[in-house]
Engineer: 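Below you will find the structure I want to go over with you.
Residue indices begin at 1 and follow the sequence shown.
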Amino acid sequence: AMRKNVEASMQSEFETERKKVETSRRFIDVLSHEIGTSLTMIDGQAFRLRKLAETNEPLDALVRAEKIRNSVRHIEAVMRQVQLASEIGEGAIYLRPIAIPFPELVKDTILEADSKRIIQSDLAKLPPIIWGDADMLRQVAANLLSNAIKYSPPDSPVRITGWTDQDEAVLSIADRGRGIPDDERTKLSEPY
């Protein structure tokens, strides 16, 4: 009986460590991809800016500079996500609820998506102000929108709808993608 208890304990510890390694691997994959994509954009736009400086095309230079700024904001958002995940992992996450103009937060998230995709929105039925943690709500909305853009056909629109249901603000982001595979649904609340 003792041997079985020891084996069960060892198996449990092994499984815990395996999950930690898997989470770390997913973290590195996501971080590398997200930062690498933004750095590629920054480098390409900076190269084009240098070329434009030779031709004196100020409007094109402004457009490229804005793309660089958007990529930097994306890296900053990724770093906030890493910090948040670290805080969650340590059990040290603290909500900082404030009054948030929620429709404006969602509109800003749509603008920051910097996508050529058609994004349709109907936010008129959202409450003008909600109480919540602005950074966390922005992160959730950005993640859902990013996934909708990434995993749906390029010619299909993404639809964002908001409304009030009793005392709750509801935000729906819909796309024409394949959906979340069944084997991935169990991992939705896991980091990365």
Engineer: Taking only Lys NZ, Arg NE, NH1 and NH2, and the carboxylate oxygens of Asp or Glu, determine whether Glu104 and Lys107 approach each other closer than 4.0 Å.
Structural biologist: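 Yes, Glu104 and Lys107 are salt-bridged.
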Engineer: With side chains defined as the heavy atoms from C-beta onward, is the minimum distance between Glu13 and Glu17 less than 4.5 Å?
Structural biologist: no
Engineer: Within the side chain of Asp165, is there an N or O that forms a donor-acceptor pair under 3.5 Å with the backbone of Glu168?
Structural biologist: no
Engineer: So how far is it from Leu137 CG to Phe102 CZ, rounded to the nearest 0.5 Å?
Structural biologist: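 Nearest 0.5 Å value for the CG-CZ distance: 5.5 Å.
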Engineer: Do Ser12 side-chain atoms and Ala8 backbone N/O form a donor-acceptor pair below 3.5 Å?
Structural biologist: no
Engineer: Could you check whether atom NZ of Lys125 has more than 12 heavy atoms from other residues, nucleotides or ligands sitting under 6.0 Å from it?
Structural biologist: no
Engineer: Taking 4.0 angstrom as the limit, do Arg3 and Glu7 come out as a salt bridge?
Structural biologist: yes
Engineer: List the atom pairs, donor and acceptor, that lie under 3.5 Å between side-chain atoms in residues 151-161 and the rest of the protein, sequence neighbours left out.
Structural biologist:
unit_1, atom_1, unit_2, atom_2, d
Ser152, OG, Arg117, NH1, 2.6
Ser152, OG, Ala148, O, 2.6
Ser156, OG, Pro153, O, 2.8

Engineer: Between Ile119 and Val140, is there a shared hydrophobic cluster once you connect ILVMFWY residues whose side-chain heavy atoms come closer than 4.5 Å?
Structural biologist: yes
Engineer: So, do Pro97 and Asp133 sit near enough that their side-chain heavy atoms are less than 4.5 Å apart?
Structural biologist: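 With C-beta onward as the side chain, the pair stays apart.
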Engineer: Please report the closest heavy-atom contact between Pro101 and Ala99, naming both atoms and the distance.
Structural biologist: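 For Pro101 versus Ala99, the nearest heavy atoms are CD-O, 4.1 Å.
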Engineer: For Pro128 versus Pro103, what's the shortest heavy-atom pair and its separation?
Structural biologist: O-CD, 3.5 Å
Engineer: How close do Leu145 and Ile110 get, heavy atom to heavy atom, and via which atoms?
Structural biologist: CD2-CA, 3.9 Å
Engineer: Are any non-hydrogen side-chain atoms of Thr109 and Arg138 less than 4.5 angstrom apart?
Structural biologist: yes
Engineer: Out of curiosity, Glu15 CD to Met10 CE, how far, rounded to the nearest 0.5 Å?
Structural biologist: 14.0 Å
Engineer: Taking all non-hydrogen atoms of both residues, which atom of Leu126 and which atom of Trp163 are closest, and how far apart?
Structural biologist: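 Taking every non-hydrogen atom into account, CD2-N, 3.7 Å.
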Engineer: Is it the case that one hydrophobic cluster holds both Ile130 and Ile98, taking links as side-chain heavy atoms less than 4.5 Å apart, direct or via other members?
Structural biologist: yes
Engineer: A side-chain contact here means heavy atoms from C-beta on lying under 4.5 Å apart; do Leu171 and Leu123 qualify?
Structural biologist: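 In short, these two side chains touch, coming nearer than 4.5 Å.
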